[in-house]
Every structure is written in structure tokens, then in C-alpha cells.
Trainee: 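Structure incoming, see below.
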Amino acid sequence: MSPLILGLFGIPAVLVLVFLRVPIGLAMLGVGIAGSWLITGSLNPTMAQFKSLTYGTFASYSLSVVPLFLLMGQFATLSGLSSGLFNAAAAWMGHRKGGVAMAAIGASAGFGAICGSSLATAATMGHVALPELKKYGYSGALATGTVAAGGTLGILIPPSIILVIYAVLTEMNIAKLFMAAFLPGILAAVGYMVVIAIYVRVSPGAGGTRPRMPYAERFRELGRTWPVLVLFLLVIGGIYTGVFTPTEAAAVGAAGTGIIAIATRTLGRRGLVNASLGTAMSTAMIFLIVLGAASLNGFLALSQLPQVASAWIAAQGFNPWLVLTVVLIFYLLLGCVMDSLSMILLTVPIVYPMMTALDFGLAPDDFGIWFGILVLIVVEVGLITPPVGMNLFIINSMSPGTRLSETFRGVLPFVASDIVRTIFLVAFPPASLWLVWMLY
Amino acid sequence: DITLRLHQMLPAQATIPAKALTPWAEKVQADSGGRIKVELYPAMQLGGAPPDLYDQAKDGVVDLIWTVLGYTPGRFPKSEVFELPFLITTGEASSAAFYNYVMANSADEFAGVKVIALHTHGPGLFHTKNPINKLEDLKGMKIRGGSRIISSMLAQLGAEPVGMPVPQVTEALSKGVIDGTTIPWEVTPSLKVAELVKNHTGFSGTHGLYSQTFGFTMNLDSYNRLPDDLKAIIDANSGLETSREFGRVMDQGDAVGLRIATEAGNNIVQLDEAETARWQAAAQPTIDQWFADMKAIGVDGPALYAAAQAAVAAESN
Amino acid sequence: MFTDDGGLGRFVNALARWSAVAGSLALIGMTVLICVSVLGRALLWAGLKPITGDYELVSIGMGFAVFAFMPWAHLKRGHALVSLVTDGLSPASNRIILVITDLAMLVAAAFIAWRLHAGMLDKFAYKETTLLLRFPLGWAYAFGLVGAVILVIVSVFVLGRSVGMALRGENELKGAGGEA
Ligand code: NA
Ligand code: NA
């Protein structure tokens, strides 16, 4: 078989193994090794390569951003910043129709500004918001749908681990990607609130309201969230101004949240162990996939598939917008069954060179940023699309008495808002790029 | 009939990949009547990090690699002498000198690979936000150093050396994380250095501030597997003249970078002989430190340094 | 023998747990190191300095920490997977699949540790060091090898655990692991 044909079988082979319940990173690793073996006709290159590949992949300065942001998220969760955010948001919005759910979205956005991970945001906001939503009579469907969707703001609003991985894969500038994600992230939060406003009007029994708060109380609650604002300005501001590299910003953020956790006396020995185990779990999961991707991508490059595919796409004269639409729909469908990180690591090395061969009337750098934001959004939708959506499972398990089917039903309007937003961002690239153009 | 895979870390359009490696691959293909096919894998496409490249060829992960020898510190101690300050002249002469020097003095460091070319870049110099007109101007500047030796020299000269990979230089300069960088002219266009800083400082005389060393090597089994006539083709496209050609390509790249900075109206300073002599004197502790480092591993540093100087002088006339 | 509450199980759980905590402590150490370095760089005018070689120290710390995190994630089933299709199969089929994938993980872990060990010997033999601090890379590899070896031990246990459960006809809890 020619290397190119072998390459064509690469991703399907990974998918078959994944559907047979092989851990995704392991499946990529296995196919990568087997594919290189078949192409070179010898296992020796792989034997030699793994003398340094695993260590080199793990001991990466640029990827140290990932565990540092995860640690920051763990500390932020420990120190109860999420409940302060929720109280402040509820003080301002809780008296409106659907206001408690809107507050959960607002608080998720706030937490997303200091946490790089979706699941951590969903889990911590679930603890805070679900009891409140229940208390004010929200249906299980709307309550769990809201918190699950709100969790994706952890990734959509910078800092964002998925964007870090995309940046490393495509050699893009992390700072610019973070800036570009900002407006679309805010749009996502606004879109979710609009969904809630419509939901409670269409289905009036879905939720009640809190008593209206006096403005003095509102401002006091808002004032209590200052640590979040300070952390966000420190991390994102530090990255933007170039005072910090992304790794340094993540370390400063982790240290800042750690100090807050110590100050709030939540970082005892037990808290430290739990934060450590949480960080270890997510980091290990991510790096196994990163290692698998390193192996798989070596095989794919060896097969010449990415090179041939991008040349082929460029030669066909396809309408770029049609290709983009097909790619995004492909991601949406894949997202129903797969997690976002795996999708990015599995496909971007092939899809990105193909897409850069097309002309969207954007400078190459701008295209890379814009495409990154679009991919980020569509793969994140996967977290809340049935049947496989991690946020749905996590939040549903935190809400006894709500059937999984109710959660699935409750989240669908939020998915719809994601799709509307994606269409808007596709049609209107400046929405993603404007802030980058302004700042750089 | 035979496919050789060539792996390296730079994008395909960078100077050496575009102007030296690609022509080399085409020439070998043409000379062999198409019997040798060279596949080019730029930008670490086949995986691993740049420091892994040398072993990728040695151990047979790929057939050919091109790498910076300084990426694996400690691996080529005797060859490292070419990184010492004010040793090298032009890229072309220094590359030929480096090849000759290695063959005579440190060929053992390249045991287990077939050497295609060994070369240097042209003279490295300062590119800074604020002008450097004398040694004292460097004091306190945050400067990205090109290698371990240049970093320690910067510290001895009073600067604050900052270590970072080349691709990060652009952003670090634009955000003020560093005040300047040492690199040869050849790299400045791709990093947009002439847009980000307005001052470039080089030296009088024939010797440049520093250089880095590069190796273009082949897996020994891949070479030994070739029939004799194809071996002869590889041999004809490796060695002294190939090394010299790689150095010449670096010089041509330098000319492009210099032209861009000149057209941008930048302040291009050449320190006069008296000032250059002060810098050379100030750099002596770096050379002495290297002698001490070599002594610690049982290597006669001064003798190697003299041999390197002689090799450069022989090629630089 | 291969149960979480048996003697071996408690030992393996503690081993993976402390490995993860040690990795996190390294991560916290890196955090402090980076903050001190950033502060030093910001306060150059006051005579402070960034820490020399902070890049390479962070890399070495990552090399240790990420390997050290692996055992815990495997023991606690933290790796991302898709059970959509297999959820439709019988519990017996799922038990067999689990044994096979755990065997694959053991093979992968052993392969990684074996090659890492070979790489470590190379780095020692070639006397390679880091750029600025000239720290021997062989030792950096050795730090990583600690976690890699623990992962092999844990993988043996996890395989034994799922074989035991398959023989007894017990099921592990369904569902996927962590997610970014
Ligand atoms: Na975030
Ligand atoms: Na999904």
C-alpha cells in the first residue's frame, strides 16, 4: 500500500478504536506507531524516536501553560470565588424573569475569565448555582441545561486551554488568540441569557424570581468579586502587554488564586491534596492525547497526506466558504461523540493546512486566529451535545431527580444559540478579529 | 528507487531550507538520474523537538537531518569552539574553516553519522532599541543571546541575557520583554527585526561577534545501504565544498537582511577599531571560561582555540 | 489480590496518589520559581535578576510532573474515551473490552518506560546538558522515569483488577473520564 493510502486510513482507524472504547490518546498512539511501521517497513525508527519523543512532549515549556491553568482553576474552585460571582450576578439579575438562571450564566462567564477549563467551570458553578435554581423553582431541564452550557464559557472566554493547544499546533500567537476569543465569549454569554429569557416566556413554569435587591446591596456584592477582576486583569492583561509569557501569566494566576485560597482558609492539607489530584487527572488526560497526537501526526506527515490534501484542495477551486461550512459541520457532528481536545489534536494538523490553502480575503495570521475561534466554538458545542457531552453528564449527576433526557432537552436551546453565533462569526470575521486589530 | 527523508526545524521558506537544502535535494536527485529521491520535511513535521534531530539521523528515525549543534549542549564540546566571540569571519570562509577544523580536531564527535556539511552562519551582531555606540551602552539591556556562550558573554559584558527560542524574539521585542537580540542579518527579515528595532551594531575588522554551528548529517546505515555509484553521488555532494556553499547561502541571506534595514533607514553602527578592541578584550573572560570548562573534561582548550583561529585565517584571505 | 481495598490495591492507590501529589508539588514549585523570576525581571532597576535558566527548570519540572500524573489518571479511569457504542453491548463484552484496553495500556506504558530508559542512558552517555545551567539531561530523564515506572506498576494492577472483575462477572462504573 502506498504511504498516502495508509495515511487516508489513519484517522478512520483511530475512530474505530475509539468507538471500541480504547482511550483516545492510546488509540492515536497505537495507530501512529503502526502506521509509521507500515510506511518505513521497520519498527526501528519508532524505537529510536520514542527514546526522546515522550520526554520531549511532556517536558515542554510552552505546554506548561496547561497544568498551570488547571492548577489555577483548582485553586479558584477551592477558594469559593464562584459563589461570590453567583451572588453578585444574582443581586443584579435575580429579580428578572429567568434571572437566577441568567445569573448562573453571568457567574460562569466571570469564572471562565480566571479558569481555562470547561469542566471545572461547569462543576464549580453546578455546586453553587444548582441548589439556588432549585430553590427558586427552576425545572431540572432548564437548570441543568443552563449550568452545562454556562460551563463552556470556561473555554470560550480566555484563558482557554483548548486555544493554548490550538496555538501550539498551528504556531499561532496565544495572546492574539485570547484577545480574539474575548468578544465571541461575551456574545456566547449574552446569547445564553437571551435563550433563558425566551425559554421562561415560552414555558412560564420553568423558573421563578428572587426578590429585587437594593442598589447598595448590589454594589456590595459586586465589590466582593474584586479578586476575580484582579486575577483576570493580571493574567490576560499580563499576556496582552507582554509583561508575561502565557506560561508566566498562568503561573502568576495560579499563585494569585493559591494565595486567595490560603487567605480564605480553604487551602489546607486536604484542599491541597484534592487540588493536586484534580490537576493530575486533567493534565495526564490531556498529555496522553498530546503524546498520541505527536505519534499520529508524525505518521500522517510521513504519509504525505496533509501536504497532498492541502495541494489538492487548493487545486480544486472549491468555494472556500462552502469548504469552511463543511468542515464546521463535520466538527459539530464529531463533537456529538468526541471531546474537544481530541478533535483538535486529531484533525487540526490535516484540516489547518487545507484551510490555509483557501482564500478568505484575510491575511494568513488573521485567518489562523479567526479559524481558531470558529473551531474552538464548534468543538466546545460538543461538550453540550447529546449523546456524549461531558458537561451534561457532570451537571446531571449533580442534580438528583433530573433525568438525563431532561438535561438533553434543556440544553438544546443553548446549542441552537451556539449555532446561530457560529453562523454570525463565520459571516462576520471582524467580530473575532476587531479586538486583535485594535490592540496590535 | 531510494527515498531519503530529510527532517529539520525551520519552515520551508527560511534561508537554508529554501536556498541550500532544497537545491541540495534537487541536485542529488538530478545527479542520480532520479534514483535517489529526497523528501523534505520542514518544521519538525515528523515529530519531536529540535534537540532530538541529531539523534533522529544517528538512530535512523529519518535518513537526513539539518540542525543547530548548540541545541544539544555538551554533545560537541570540541566543535563548540566556533561559538567563541570574535572567532569567525564570513559565513562562507568560516563554514569551510569549521569543516576543516572538525575533520582535523573533533571528527570523533560525529562518529556514527555520515557528515554531509558542517557550517556556521555569518557574523552575529546586536539589534537593539537603544543604540549601542560603546561597551557601556550595553549595561542593563535585556538581550536575547544566540547561544550558551554568547549568553554568558553578554552577562560578562554587563547586559542581562534572556534565553528564549528564536521564534519568540519578534513578540518579545514588540512587547518590550527584551531590549534587543543578537542574531546574524540573515534571520532579521523573517523575525521583522528591522521594523521592531532601529539600531544595529556590528564591529570593525574581519571578525564578527559570534556564530552558531550547524550540522547536516545522514544516518550511517542509510548511507551504507546505497550501491557504490549512489554512495559516490552522496560523497560528491558532501564535505568541504558543500559546507562552503551552505556558508555562502548564509552570507547571501545576510545581504538581504542588511539591505532591508538600510532601506528602512535604520541606524546601522559599525564600531571603530579602538572600540572593537575594547569589546574583544572584554570578551576574553568568556574565552578563558571556555578553556576552564574544557580543562574540566580533559580537553586542551587553548590548543583547539588556536587551531580554530588558524583554520579561519587560512580560509579568510 | 487485584482489588482496590486489598493490600496490593491500597499500596498501588497510595503510590499513584503520592506520585500525583509529588507532581503537583513540582508544579507549585515551578509556579513559585516563575513568579520569582518575573518579579526579578520587573525589578531589574532595583538590582534584582530573573532566575537564570527558568525556561529549562520549568521544562525539567514538567518532565517530572506529567509522568508523575499518569498513574493516577489511569488508576482512576481519567483518560478520555467514548463509550457510546460499547454501552450498547452486553456487560460481559464490556468486561472483555476493558481487559483488552487495559492490556494495551500496560503495553504502551511498558514501551514508553523502556524507551525512556534507553533515552536516559543515551543522554548520560552523550553528556548532554541543558543550555544555561548545564544540568545533565540524563537526570532530567531519570526524574521522568520515576512516574513512568509507577505507571507500569499501576497498569499491571489495573489489568489484574479488570481481569479479576471479568472472572467474577463484576462491572466497573460506566462513563468517561476527565475532560479539558
Ligand atoms: Na476561560
Ligand atoms: Na457531544
Side-chain angles (χ1 to χ4, degrees), chain B residues 48-52 54-56 58-59 61 68-78 80 83 108-113 139-155 158-165 168 172 175-179 212 289-290 293 296-299, chain C residues 30 33-64 66-67 108 111-112 114-145:
Chain B
D52 303 337
Y54 188 78
D55 278 335
Q56 288 193 346
K58 187 170 194 287
D59 296 341
V61 178
V68 176
L69 297 176
Y71 283 167
T72 46
R75 189 83 180 255
F76 309 101
K78 289 182 283 187
E80 195 183 49
E83 294 182 14
D108 56 323
E109 291 177 352
F110 297 88
V113 299
K139 201 155 207 71
M141 279 191 187
K142 285 175 280 185
I143 307 280
R144 184 249 173 203
S147 67
R148 185 181 70 79
I149 286 179
I150 201 73
S151 292
S152 76
M153 185 189 74
L154 287 171
E160 186 56 55
V162 179
M164 65 173 64
Q168 288 182 18
K175 294 299 184 52
V177 173
I178 53 176
D179 303 312
Q212 281 191 305
Q289 177 63 48
W290 187 78
D293 290 346
I297 57 170
V299 171
Chain C
M30 285 151 60
L33 171 101
I34 293 170
C35 290
V36 170
S37 196
V38 165
L39 214 62
R41 198 175 60 209
L43 300 179
L44 271 181
W45 52 269
L48 294 181
K49 272 170 177 284
I51 291 174
T52 307
D54 50 352
Y55 271 62
E56 49 201 70
L57 286 171
V58 168
S59 294
I60 294 170
M62 281 291 286
F64 169 72
V66 176
F67 276 109
F111 176 75
I112 286 169
W114 172 47
R115 296 326 295 162
L116 182 68
H117 178 255
M120 179 189 79
L121 296 181
D122 272 7
K123 296 299 171 193
F124 276 127
Y126 300 141
K127 300 189 171 61
E128 269 184 47
T129 65
T130 61
L131 192 64
L132 296 177
L133 299 173
R134 312 191 96 189
F135 184 83
L137 266 185
W139 282 110
Y141 272 59
F143 297 155
L145 195 57

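First the proteins, then the strands, lettered A, B, ... as listed; each starts at 1. Quick note: numbers below take in every heavy atom, side chains included, and nothing from hydrogens, waters or symmetry partners.
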Trainee: Check B/G74 against C/T129 and note the closest heavy-atom contact, atom names and distance.
Mentor: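 Looks like N-OG1, 4.2 Å.
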
Trainee: What are the residues of residues 132-141 of chain C, in order of number, with any heavy atom under 4.5 angstrom from a heavy atom of chain B?
Mentor: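 Within residues 132-141 of chain C, near chain B: C/L132, C/R134.
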
Trainee: So what's closer than 4.5 Å to chain B heavy atoms on C/Y55: side chain, backbone, both or neither?
Mentor: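 For C/Y55, side-chain heavy atoms alone lie under 4.5 Å from chain B.
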
Trainee: Under a 4.5 Å heavy-atom cut-off, does chain B meet the side chain of C/D54, its backbone, both or neither?
Mentor: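 Neither; nothing under 4.5 Å.
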
Trainee: So, taking the atom named NZ in C/K123 and the one named OG1 in B/T72, what distance separates them when rounded to the nearest 0.5 Å?
Mentor: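 If I round to the nearest 0.5 Å, the distance is 7.5 Å.
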
Trainee: Checking heavy atoms, do the side chain of C/T52, its backbone, both or neither come under 4.5 Å from chain B?
Mentor: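 Neither part, no heavy atoms under 4.5 Å.
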
Trainee: How long is the straight-line distance from CZ of B/F76 back to NZ of C/K127, given to the nearest 0.5 Å?
Mentor: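 If we round to the nearest 0.5 Å, C/K127:NZ and B/F76:CZ are 13.5 Å apart.
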
Trainee: Passes side-chain contact (heavy atoms from CB on, under 4.5 Å), B/Y54 versus C/E128? Steps please.
Mentor: CA-CA 12 Å; B/Y54 188 78; C/E128 269 184 47; over 6 Å; no

